[in-house]
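The next block holds one structure in the form of structure tokens; read it before the comments.
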Amino acid sequence: MTIENILKKHLIDVIDELYGQKPDKAQISFQKTRKEFEGDLTLVVFPFLKLSRKNPQSTAEEIGASLIQKLALISDYNVIKGFLNLSISNDFWFGFLRDNAFSKDFAYKTVEEGKPILIEFSSPNTNKPLHLGHIRNNLLGDSVSRILEAAGNQVVKLNLVNDRGIHICKSMLAWLRWGDGETPKSSGMKGDHLIGKYYVLFDQHYKEEIAGLVQDGRSEEEAKNEAPLMLEAREMLRKWEQGDEEVRELWSKLNSWTYAGFDETYTRMGVSFHLTQYESQTYLHGKSIVQQGLEKGILFRKEDGSVWADLSKEGLDEKLLLRSDGTSVYMTQDLGTAAERYAKYQPEKMIYVVGNEQNYHFDVLRIVLAKLGYSWASCINHLSYGMVELPDGKMKSREGNVVDADDLMNEMYKTARQKGEELGKVKDSNSNEAKELYQKVSMAALKYFMLKVDPKKKMLFIPEESIDFNGNTGPFIQYTYARIQSLVQKSGIKPDSSAINDKYGILPKEKEIIKLIYTFPEVLDSAAAALSPALIANYAYELAKGFNQFYQEVPVLKEEDVDIRHFRLVLAAFTAETIRSAMALLGIEMPERM
RNA sequence: GGUCGCGUAGCUCAGGGGAUAGAGCAACGGCCUUCUAAGCCGUCGGUCGAAGGUUCGAAUCCUUCCGCGAUCACCA
């Protein structure tokens with residue numbers, strides 16, 4: 001039970017005794033006391049003035065006096081204007097340290113048996129490598145999974161790969177035509193990059209054809225549809241759908257190259273899945289659901305045979321669910337896979353990590369499912385995130401201004417190495433130890449940068465400036481952690497609970513740290529509720545920053561008194577452990593030295 | 001045009017009913033024979049897009065307007 005809750009309970013009694021009326025629970029608001037005032041927690045008394053019929057000052061005085069009498073937990077109070085600042089007793093803080101300082105991941109809950117949470121993320125196309133946008137998606141999905149699990153949920157991570165469609169046919173066609181049998185092995189290229197190369201090649205030739213046709217007097221639209229390359233790609237897709245053996249074989253081969261490339265990237269990012277699904281196996285799902293809806297009269301059929309949902313009552317328009325030729329669209333598939341997943345897992349929640357350009361799609365998905373009578377429709381959660389933009393605008397694959405995921409990670413690694421060498425962090429930059437450090441530091445910089453921003457906001461990525469190693473960054477937090485490790489090691493003392501006693505009181509700087517650590521479980525809970533790693537990231541920074549200031553002002557190893565030194569080492573070690581736990585929720589690993 | 005989202009320091013972002021709005025970067029000035037300077041301290045920098053409203057109290061909630069973005073396909 002948190003201090004706030006204990007106080008709340010007693011506050012209700014106190015106010016009842018004083019003024020003969022119980023306050024509304026919603027009116028009780030505690031906040032952390034500002035640094036410039038004495039105290040730990042502050043009660044805002046304005047809401048109780050109607051009950052007390054006194055001015056803010058005396059109301060606060062009365063409540064404070066009653067609380068301190070009732071609760072040993074409160075050691076002192078003071079009143080400033082309508083704010084009642086309460087000091088929590090040292091006993092409480094020592095008790096908190098004793099109970100938690102030596103339990104690893106103290107804020108983490110054990111995973112409950114019960115309804116799982118499904119989370120789908122990444123979901124790439126197989127015709128080109130992963131880029132910056134995917135990085136945000138993957139890191140968000142990965143981090144949210146970790147956070148939900150730490151908050152006590154069973155989490156199932158899903159990846160639904162879009163492995164079929166016209167885009168893959170384009171790559172396949174280009175490879176047949178201009179590839180000359182090139183393979184990842186023969187070219188030395190990563191499989192996904194190789195396939196991406198042919199996708200671009202297709203587009204180049206396709207554009208030439210369009211230009212030629214336009215010159216011959218066709219309209220742009222006609223040219224796009226009549227270009228021989230496009231006709232050929234469509235023909236290939238038709239063959240694929242009919243199960244043409246040759247096409248299917250080629251398709252399998254090229255996709256397998258892409259998967260090998262993706263796996264490498266995922267591994268480097270530290271991202272993994274429990275289950276990978278493929279649209280080639282799911283794209284026919286959902287038709288029967290639509291059929292049932294049609295029979296029940298919930299959906300309707302137009303003269304041309306296409307099937308629609310009328311969402312005008314919900315303030316939206318009509319939505320197509322089956323084409324006039326009876327084939328399914330994106331929405332149909334999603335209805336099908338959602339129903340299938342629900343049947344398999346009976347999850348508490350189904351989270352889709354998908355960019356905000358699909359907000360409308362998920363609104364429709366929820367509404368259509370609800371209309372069709374699925375009570376679980378409300379468990380669908382769209383974790384919508386903003387686009388990653390570049391200084392010169394949006395990323396457009398066709399225009400070539402795409403930040404490739406692998407390239408970016410390589411760049412980050414180089415920068416980390418360069419910085420490390422400048423600062424003389426390691427003796428031999430080619431040693432395995434150094435390589436591991438540069439890898440951890442560069443990934444921390446990247447991950448922290450992407451995750452510290454509120455998911456729903458779009459973010460600007462400036463290649464030269466965005467990823468920093470100083471200030472509010474992953475490496476700064478790693479650095480703080482590494483310093484604490486070295487501090488503890490140098491002391492030669494193994495921190496243990498015998499050091500925690502109230503012989504010496506607690507310094508204000510020490511208390512700041514303890515209070516910060518104390519709030520970690522709450523931060524974790526709210527991050528899980530809001531599906532927002534940004535809360536964790538900003539918390540980790542605050543804690544690291546707090547320790548750095550503490551470290552600057554409070555001697556640890558230089559302290560004369562062995563017992564005090566021992567206590568501060570315990571506090572330092574607990575801080576490090578909390579920082580590590582928080583960063584683990586972002587998928588960021590901590591180096592022991594840097 | 002309809003719907004949704006966003007607008008906070010020069011830049012990138014926190015804060016989402018409470019006290020004097022915070023960090024980092026950039027700029028400037030200090031601190032390395034003292035626990036790791038990827039650090040710490042200080043200075044500079046704000047009509048929280050605008051106007052109304054609700055409230056004891058609004059950057060935060062409501063309304064309108066302005067600006068930016070997304071979306072409204074028999075694409076996925």
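The figures that follow rest on heavy atoms only: side chains count, while hydrogens, waters and symmetry mates do not. Reminder, nothing fancy here: chain letters follow the sequence lines and each chain counts from 1.
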What does [X] touch in the nucleic acid at a heavy-atom separation under 4.0 angstrom: a base, only the sugar-phosphate, or nothing?
X: A:Glu279; result: sugar-phosphate
X: A:Thr480; result: nothing
X: A:Pro56; result: nothing
X: A:Ala534; result: nothing
X: A:Asn85; result: base

Which nucleotide in [options] has an atom nearest any side-chain atom of [X]:
X: A:Val453; options: B:C13, B:U36, B:G24; result: B:C13
X: A:Tyr330; options: B:A14, B:A76, B:C40; result: B:A76
X: A:Glu36; options: B:C35, B:U20, B:U36; result: B:U20
X: A:Ser29; options: B:U12, B:G18, B:C40; result: B:G18
X: A:Leu487; options: B:A37, B:A70, B:C35; result: B:C35
X: A:Lys545; options: B:G24, B:G39, B:U36; result: B:G24

If the cut-off is 4.0 Å, is [X] near the phosphate of [N], judged by side-chain N/O to OP1 or OP2?
X: A:Arg34; N: B:G22; result: yes
X: A:Gln549; N: B:C41; result: yes
X: A:Arg483; N: B:A37; result: yes
X: A:Arg323; N: B:A76; result: yes
X: A:Asn472; N: B:A14; result: no
X: A:Lys81; N: B:G57; result: no
X: A:Tyr479; N: B:A38; result: yes

Indicate, with yes or no, if the rings of A:Tyr352 and A:Phe121 have centres closer together than 6.0 Å. no

Distance criterion of 3.5 Å, no angle test: do you see the side chain of A:Thr473 paired donor-to-acceptor with the base of B:A38? no

Between [Y] and [X], does any NZ, NE, NH1 or NH2 come within less than 4.0 Å of an OD or OE carboxylate oxygen?
X: A:Lys32; Y: A:Asp40; value: no
X: A:Arg580; Y: A:Glu577; value: yes
X: A:Glu241; Y: A:Arg238; value: no
X: A:Lys8; Y: A:Glu4; value: no
X: A:Glu560; Y: A:Arg565; value: no

Residues A:Ser306 and A:Ser324: side-chain donor-acceptor under 3.5 angstrom: no

So, A:Asn85 and A:Thr42: side-chain donor and acceptor under 3.5 Å apart, yes or no? yes

What is the pairing partner of [N], taking Watson-Crick or G-U wobble pairs with both distances under 3.5 Å in any strand?
N: B:A37; answer: none
N: B:C44; answer: none
N: B:C32; answer: none
N: B:G24; answer: B:C11
N: B:C4; answer: B:G69
N: B:U60; answer: none

Could you check how far CG of A:Asp325 sits from C1' of B:C75, rounded to whole Å? 14 Å

If I take atom NZ in residue A:Lys452 and atom P in nucleotide B:G24, what distance separates them, rounded to the nearest angstrom? 11 Å

May [X] be described as stacking on the base of [N], applying a 5.5 Å centroid limit and a 30° limit on plane angle?
X: A:Tyr541; N: B:A23; answer: no
X: A:Phe83; N: B:A19; answer: yes
X: A:Phe476; N: B:G39; answer: no

Give a yes or no on whether A:Glu222 atom CD has more than 12 heavy-atom contacts from other residues, nucleotides or ligands under 6.0 Å away. yes

So do A:Lys458 and A:Tyr385 actually touch side chain to side chain, heavy atoms under 4.5 Å? no

What nitrogen or oxygen pairs link the protein and nucleotides 3-8 of chain B at under 3.5 Å?
residue	atom	partner	partner atom	Å
B:G7	OP1	A:Lys457	NZ	3.2

Does B:C66 fall in syn (glycosidic angle within 90° of 0) or anti? anti

